[in-house]
Amino acid sequence: MSDQYSPSELEKKWQKLWAESGIDKAQEESPLPKFYSLVMFPYPSGDLHMGHARVYTIADVISRFKRMQGFNVLNPMGFDAFGLPAENAAQDKGIHPGDWTEANMANMRRQLKSLGTSFDWTRELASCHKDYYRWTQFIFLKFYEKGLVYRKESPVNWCPACGTVLANEQVEDGYCWRHSEVLVEKKLLAQWFFKVTVYAEELLNDLELLKEWPEQVKTMQRNWIGRSEGAEIDFVFEGSPKKITVFTTRLDTIFGVSYLVLAPENELVAEITHPAQRRKVDEYRARSAALSDLDRTQQQGDKTGVFTGSYAINPYSGERVPVWIADYVLGNYGTGAVMGVPAHDERDFLFANKYHLPIKPVIAAKAGLGALPSEYLLQRIDPLNETHLRDCELILGQYFANLKSDYGVQASEIDQSLSEYAVNGNIFWILRRKDSQEILGSISLRPLDADRCELRRMFIAPSARGLGLARQLISFFDEQARGLGFKEVYLDSRVVLAPANALYQSCGFVPTERYNDNVAADVFYVKNLTIGAAYCDYGYTHSSGAFSGLSSSQAKQEMAAYAQQAGFGRLKIQYRLRDWLVSRQRYWGTPIPLVYDAEGKAKAVAYEELPVELPKNSEYKKLSECADWLSYTDPKTGEKLTRESDTMDTFVCSSWYFLRFADAQNQSEPFSAEALKRWLPVDQYVGGIEHAILHLLYARFFTKALRDVGLLDFSEPFTRLLSQGMVTMHSPKEGKVAKMSKSRGNVVAIDSFVAEHGADAARLFMLFAGPPSDEIEWSEDGARGQSRFLGRIWRLVSSEADKLQNIPAQEFASADLASLEEGEAELIRAVHKTIRAVSHDLQADRYAFNTAIARLFELLNILTRQELVCQASVKLFALKNFLQLLAPFAPHLTQECWGLVGLEGFVHQSAWPSFDPECVVDENFELVLQINGKKVDAISCSKSASSEELERLALSNAKICARLGANPTKKVIIVPGRLVNVVF
RNA sequence: GCCUCGGUGGCGGAAUCGGUAGACGCUGCGGACUUAAAAUCCGUUUUCCGCGAGGAAGUGGGGGUUCAAGUCCCCCCCGAGGUACCA
């Protein structure tokens, strides 16, 4: 036996013995409860490095722990083996993608084994093998029959470098996920889709059931599904029966609509464009069609658009609003048309400002502001209309009479005001009661220059005072002034009589310099009419006809009910989630099992014709270029057909592999009902956060869809999910700490590290460096620390092994403590405490591998203490339990030591230790003494001491007394088993 | 912008319920063994003041609740991830 711990031979030896004995195989017939532990299967890209190793280590610890706990564990492994890198490598190196993939799988299988993982390799699968993709095709056809698959011509993301269509998910900030420097283009193609959106509601709601998933992942999925509640409203075109339907979540703002916008690609555009605008509109459409997604998102803030020349009618207000097209509206979300409410939407605001469209506020933060009740009517005076003028005189007469009697205004001033009013250009409104036509007040506007105007006269008739009409008139005035293009409105002191001062100020007028030297007045007020920003919060409606004065939520409800009743609108729930585009124009993927007849009509390949195998051309091409393969004769009818040349997105392959693992050898169906019943759902799924949305959402969709085609009977595939953090390391290329990856040049190869330090050291370091869901930074020093730990164990066992050879293994618990030396009793207690702590840390709701290992360090520190003297049987007991607790983390070394101390069989087949509750409580504890909550002293104290005794101990303590001095104690807080706090 | 998670020594990180902040490891420093080095072992390592006994401060910042706050509440700052003209 060597004194030096040399892992490489030792690890190889046990890996071989484990494989031969089949201890990692899941048992089909077993009285034990099942545990399905799954780690996301890898893409066989070549060499594994430590960045990959972490996830397998975590899953392996869980699997080994569960086996020792008495579970029948299924811990399978396979390869997600279709995909582009194989084709790229084939192009670069001139090898067939299949050969490249097989070679990589062999290498990775070897590397995974070298890490000491306990996978059940008898169930290995690879998605590129025909006995797997045959069943992918089978499931595709089941979905096809069920109506979950459809073909649609649609603009797709096209990567010129890949030469294929990408899913939305494979586009990152407008660039291809595989080629970070290649911009994704738009192309129109007929593509196959899965109807994921049918399941949008269920995919969202069932997240509630996933109690053991990280909140973060669920939130990401929720956002991705993107449910929003709103309404669809039909606007009829002016002079045409055609309708345009908009989707809005802010129906409460509909009286603020000042235009409609269609997405440039909206089908209606061609029909409704006015001939005079056609050229401009066509140009704009052509330009935006050519824009990539990136360009489109990059011009955020700079909104562009073109007027179509048509108008539509707001069904609520009857107003006619211009219809525009603009590329800030997306064609594939909602109805591809929106209503523009610049006062209450940021994008609409920017757009309206740019194109000088009216901005009409209809929501205010406070209730009642600016709302003119519907029983009143505002009438603009036409100076050429006799009746109007008479009404004016009437109200002005009342106004001036009032001034005279109330404020003693001179008759000459009145005359002057009347003549001023007669000057052309002033605008005058009269407020009436709708039913009786009674005149209640008036307001007038005088332009000062292009940007400024003056609120000239506002008068409320005595009979209408106290009705709160003043604010509403001012708000009406603001709106009109803004509509006329004024940016500021002034008041002078002759208008603002003392009692109205507060009113004007509360409406936003502020004291200012005089604006006109000809006016002799002391106080001036000015109000800025320019809206600086859209008000996007909820509030209270005003200027909204019969719906004024409601809270936003009330308004939404009542407006929707009205639309529903009147038949021009309805409530609508909209999802951001789109259907899944599964077509790929490549070679190295699962062929879509469909054929086309002479008319181009698609139909399914018969089930007994599956698999539709990839052509075995030595020099692979895109399927669309394989002429021989494409032509297909129906074996039954002899009909000449053409095969579909698209392959499936590889995410399809990975959406059901966890089901196949339950029954990997089945040649007659994808999986048997019995096998699923035995193993599914997956109890613990471990994988990277990068799959939080796509893979997990698709796998959930597949499970639900397979349930609905009758192939399984549960709804959620993964009971518990653990998203492990990535492994980082300083990257010399980037000059910072970054994710470990070949392209960044910051990888630690598995092969070289394992050869030098062993798999156990690598495993321990990755588990100890931090909690599994956190990111960890690879550190050579840290890994060396774990090596040192393993070496200490090795030396301890080496030095003790001889003495322990013929000692029978014996358990020690509380009953034995009395008969043993103090040091021995302490060791036994420590063992039991460690069992408790490590077991607790390994529980699924914690998975605190780092603290579990820390506890094992502590136990080893006790075991190697120089002054520790104890009999062999006690030492053997301690070592045995220590090795068992460490076994899931460091499988090889513990296995070797297990034999060295004379224990039989495999440590991994031994039962997980249990602790004696009596052994984990100490007789004494450290009593903390506090003064006013601050620690002053700590004394050893018996656990059985009563509260009274604790208080006495505290109050007689020298340090407490010294601090207390002559102060009388106000209160003494006693927390039994912990502390005494003396308050003064 | 929005959503989510974080912020604790020189570093990675501990701290079930509000109850001794800094477990465990790394690094550094000092020592032992050695002709020497490596390996190993022992001690030490939050900061400041003090020769010392000891004292004070301290979990991103500011307030609050409490006998007691890293932990609970309010406001703010910073970082990471996700997402984004989604109407």
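Any value given below was found using the heavy atoms of this structure, including those in side chains, with hydrogens, waters and symmetry copies removed. Residue numbers start from 1 in every chain, and the chains themselves are labelled A, B, ... in the order their sequence lines are given, proteins ahead of strands.
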Considering every strand and a 4.0 Å limit on heavy-atom distances, what is the contact class for [X]: base, sugar-phosphate, or nothing?
X: A:Asn861; answer: sugar-phosphate
X: A:Gln930; answer: base
X: A:Arg836; answer: nothing
X: A:Val975; answer: base
X: A:Pro771; answer: sugar-phosphate
X: A:Glu926; answer: base
X: A:Ser228; answer: sugar-phosphate
X: A:Arg222; answer: nothing
X: A:Phe768; answer: base

- Message: Please give the distance between the C1' atoms of B:rG1 and B:rU16 as a whole number of Å.
- Response: 38 Å
Among [options], which nucleotide has an atom closest to any side-chain atom of [X]?
X: A:Lys303; options: B:rC26, B:rC86, B:rC85; value: B:rC85
X: A:Asn981; options: B:rG82, B:rA87, B:rC67; value: B:rC67
X: A:Asn223; options: B:rC3, B:rA56, B:rU40; value: B:rC3
X: A:Lys935; options: B:rA87, B:rG81, B:rA21; value: B:rA21

Which base, if any, makes a Watson-Crick or G-U wobble pair with [N], both distances under 3.5 Å?
N: B:rG81; result: B:rC3
N: B:rG70; result: none
N: B:rG12; result: B:rC24

- Check: A:Asn957 side chain, A:Leu929 main-chain N or O, donor-acceptor pair, under 3.5 Å: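 No.
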Does a distance-only test, which skips hydrogens and angles, find a donor-acceptor pair under 3.5 Å between the side chain of [X] and the base of [N]?
X: A:Arg578; N: B:rC86; result: yes
X: A:Glu215; N: B:rU4; result: no
X: A:Asp781; N: B:rC26; result: no
X: A:Lys970; N: B:rC67; result: no

- Task: Check step by step if side-chain contact (heavy atoms from CB on, under 4.5 Å) holds for A:Val341 and A:Ser258.
- Result: CA-CA 6 Å; A:Val341 186; A:Ser258 48; over 6 Å; no
- Query: When the distance from CZ of A:Phe351 to P of B:rA87 is rounded to whole Å, what number comes out?
  - Reply: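 Result: 18 Å.
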- Query: Are A:Asp234 and A:Arg570 within salt-bridge range, i.e. N to O under 4.0 Å?
  - Reply: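 A salt bridge links A:Asp234 with A:Arg570.
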- NZ or CZ of A:Lys303 within 45° of A:Tyr328 ring axis and under 6.0 Å: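 Yes; both conditions hold, so A:Lys303 lies above the ring face of A:Tyr328.
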